[in-house]
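The analysis underlying the following values was restricted to heavy atoms, covering all of them including side chains, and did not include hydrogens, waters or symmetry mates. The shown structure was predicted, so the numbers you read here are calculated from the model rather than taken from an experiment.
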Amino acid sequence: MRTSLVVGRLDRVPVSVTLAPALSMLALVTDALSGRGRGAPESWRNLVRSAAGAQDDMVVRSLASPGFSVLPDVVLPGEFTRDLEVPAQVAMLRDLPAEMLLTELEVITGGRPAPHWQGAVDDPKRWLHGYADLLQDAWSAMSPVWQQIRPLFDREVERVAVAAARRSLDVVLDDLHPGCSFHEETFSFPDLEPERFSIGSRGMVLMPMLAGPNALIARLDGPDAVWIGYPLPGLTHGLTAAPAGRHGGDLLAFVMGDVRSVILTSLDGPLTMGTLARRVQYAPNVVTYHCDRLESAGLIARRRQGREIYVHRTRRASILVELFAT
């Protein structure tokens, strides 16, 4: 089951990047407290658990009940097209009228709230304050980590800007998350409650999150723009910002990642999968995984010849490599 967003031509869609640490805290809270594992490091999960203290079980249950994925828009209060601070969003949550939450729950449940939302329906102000408490507690534990990896967030903003300038945002969207894909002008991802949307004339806001590699939170039905929260790339590769002034293969690796960059640049002619693995010096299963993603993006093609599988770069990939070499 997959939710899909028909995007159309990316060069006609305004795409921006904003930082919303409260969204990261939501991902970490549901990971650490609800059992919905998203791959966050255990040390982060323990920090959130220790900081949350006596959390409201009604709130936690509503956020990540098994079999459900739709959340009210109030989980990210404020204007999401610009950077938001957690204290400001916590204050907004405490000031929101209970009727706003009730209206949103009416919409997402069709007037028939599931058991995990019944507590919020009965006492919406308690839910808003309990959720605000969770975000505040998680932020008190995780803000030092956020500050430590802030250079990676700055790098991600630059990476998306470079991809947009080089008209290769499709590569970025195809790799936001292990289950995401961007194919035939449509972005899609696994979802417990699948729907289909069209971006139309709206914009797209990408929100990198301090979260596990399996975290993905999106709102695709907003009136002005859609937003997609996804795991910040590079969390497992150190905390140093990428150097400025990249050129050639370094710039391609910055946008696509080291493995996929070296695969594309190594394919100056057709190679067997085994030869490619030896040339790029990665394990065959790693090369196969990344070739699967490159093929889905239309950047390589594979063909069987006898007992061997040959892989070659497509014309589109050659143009991309040439663009990033200039």
Side-chain angles (χ1 to χ4, degrees), residues 1-18 23 27 38 69 80 155-209 211 213-222 225-234 251-261 263-264 267 288-302 311 313-321 323-324:
M1 299 187 294
R2 300 179 70 84
T3 282
S4 60
L5 173 69
V6 179
V7 178
R9 288 182 52 179
L10 276 170
D11 59 348
R12 297 178 178 176
V13 177
V15 178
S16 59
V17 185
T18 62
L23 195 63
R38 292 188 168 103
S69 63
F80 61 84
R155 169 182 173 171
E156 179 63 4
V157 173
E158 183 184 352
R159 183 179 81 102
V160 174
V162 168
R166 300 287 179 137
R167 296 191 175 183
S168 57
L169 276 172
D170 54 335
V171 177
V172 173
L173 290 177
D174 193 54
D175 198 36
L176 285 187
H177 176 276
C180 290
S181 68
F182 186 79
H183 181 63
E184 295 182 349
E185 300 185 339
T186 298
F187 176 73
S188 66
F189 55 91
D191 195 354
L192 296 169
E193 299 171 86
E195 292 189 62
R196 184 174 177 84
F197 301 90
S198 177
I199 200 167
S201 60
R202 298 176 296 165
M204 177 184 295
V205 181
L206 300 181
M207 296 181 177
M209 298 188 298
N214 299 319
L216 186 76
I217 306 174
R219 180 193 177 191
L220 306 182
D221 61 350
V226 304
W227 58 257
I228 303 170
Y230 61 98
L232 174 67
L251 187 56
L252 183 64
F254 175 60
V255 172
M256 301 192 64
D258 292 337
V259 182
R260 294 176 200 183
S261 170
I263 287 174
L264 287 184
L267 287 171
T288 298
Y289 168 77
H290 288 283
C291 281
D292 287 344
R293 301 310 297 267
L294 289 169
E295 189 171 40
S296 72
L299 297 176
I300 67 165
R302 286 177 284 192
V311 56
R313 202 166 61 197
T314 64
R315 181 175 179 274
R316 181 167 180 263
S318 295
I319 293 172
L320 190 66
V321 170
L323 277 172
F324 281 94

Side chain to side chain contact (heavy atoms under 4.5 Å, CB included) between T3 and F197, worked out: CA-CA 8 Å; T3 282; F197 301 90; 4.0 Å; yes
Begin from the C-alpha positions of I300 and L264 and carry the test side chain to side chain contact (heavy atoms under 4.5 Å, CB included) through to its verdict. CA-CA 8 Å; I300 67 165; L264 287 184; 3.8 Å; yes
Inter-residue atom distance S16.OG - F80.CZ, 0.5 Å rounding: 9.0 Å
Reported CG-to-CZ distance for the pair L176 and F182, which is rounded to 0.5 angstrom: 10.5 Å
Heavy-atom check, side chain of M207 versus side chain of V17, under 4.5 Å: no
For S181 and S296, test the side chains for any donor-to-acceptor distance below 3.5 angstrom and give the result as yes or no. no
How close do W227 and G229 get, heavy atom to heavy atom, and via which atoms? CE3-N, 4.0 Å
Between A27 and R38, which heavy-atom pair has the shortest distance, and what is it? O-NH1, 3.8 Å
Measuring from M1:CE to S188:OG, what's the distance to the nearest 0.5 Å? 13.5 Å
Could you tell me whether a side-chain N or O of R196 sits under 3.5 Å from a main-chain N or O of R2, the two making a donor and an acceptor? no
Got a sec, which pairs hit salt bridge (Lys or Arg N to Asp or Glu O under 4.0 Å) with one end in residues 174-195, sequence neighbours left out? D175-R260
Check D221 with R202, please: is the shortest side-chain N to carboxylate O separation under 4.0 Å? no
Rounded to the nearest 0.5 Å, how far apart are CG of L173 and CZ of F189? 12.0 Å
Pick one: which of V311, L294, T314 meets side-chain contact (heavy atoms from CB on, under 4.5 Å) with L267? V311
Is there a side-chain contact between V226 and R219 in this structure, where contact means two heavy atoms from C-beta onward sitting under 4.5 Å apart? no
Student check: side-chain heavy atoms of F187 and I199 closer than 4.5 Å: no
For side chain to side chain contact (heavy atoms under 4.5 Å, CB included), just list the numbers for L232 and M209, CA-CA rounded to whole Å, side-chain angles, deciding distance to a tenth of an Å, and then say yes or no. CA-CA 5 Å; L232 174 67; M209 298 188 298; over 6 Å; no
Exercise: identify the closest heavy-atom pair between A163 and V172: CB-CG2, 3.6 Å
Quick test of your reading of the model: are R155 and E158 salt-bridged, counting only N-O distances below 4.0 Å? no
Got L220 and I228 here, is their nearest side-chain heavy-atom distance under 4.5 Å? yes
State, to 0.1 Å, how close P231 and P213 come at their nearest heavy-atom pair, and which atoms those are. CG-O, 3.4 Å
Side chains of V15 and L206: closer than 4.5 Å at any heavy-atom pair? yes
Looking at side-chain heavy atoms only, is the closest gap between R313 and L299 below 4.5 Å? no
Could you please spell out the steps behind the side chain to side chain contact (heavy atoms under 4.5 Å, CB included) verdict for D292 and R302? CA-CA 10 Å; D292 287 344; R302 286 177 284 192; 2.6 Å; yes
Check whether any side-chain heavy atom of V7 lies under 4.5 Å from a side-chain heavy atom of M204, and answer yes or no. yes
Do V157 and T18 have side chains that get closer than 4.5 Å, going by heavy atoms? no
Verify, without hydrogens or angle tests, whether H177 (side chain) and N214 (backbone) share a donor-acceptor contact under 3.5 angstrom. yes
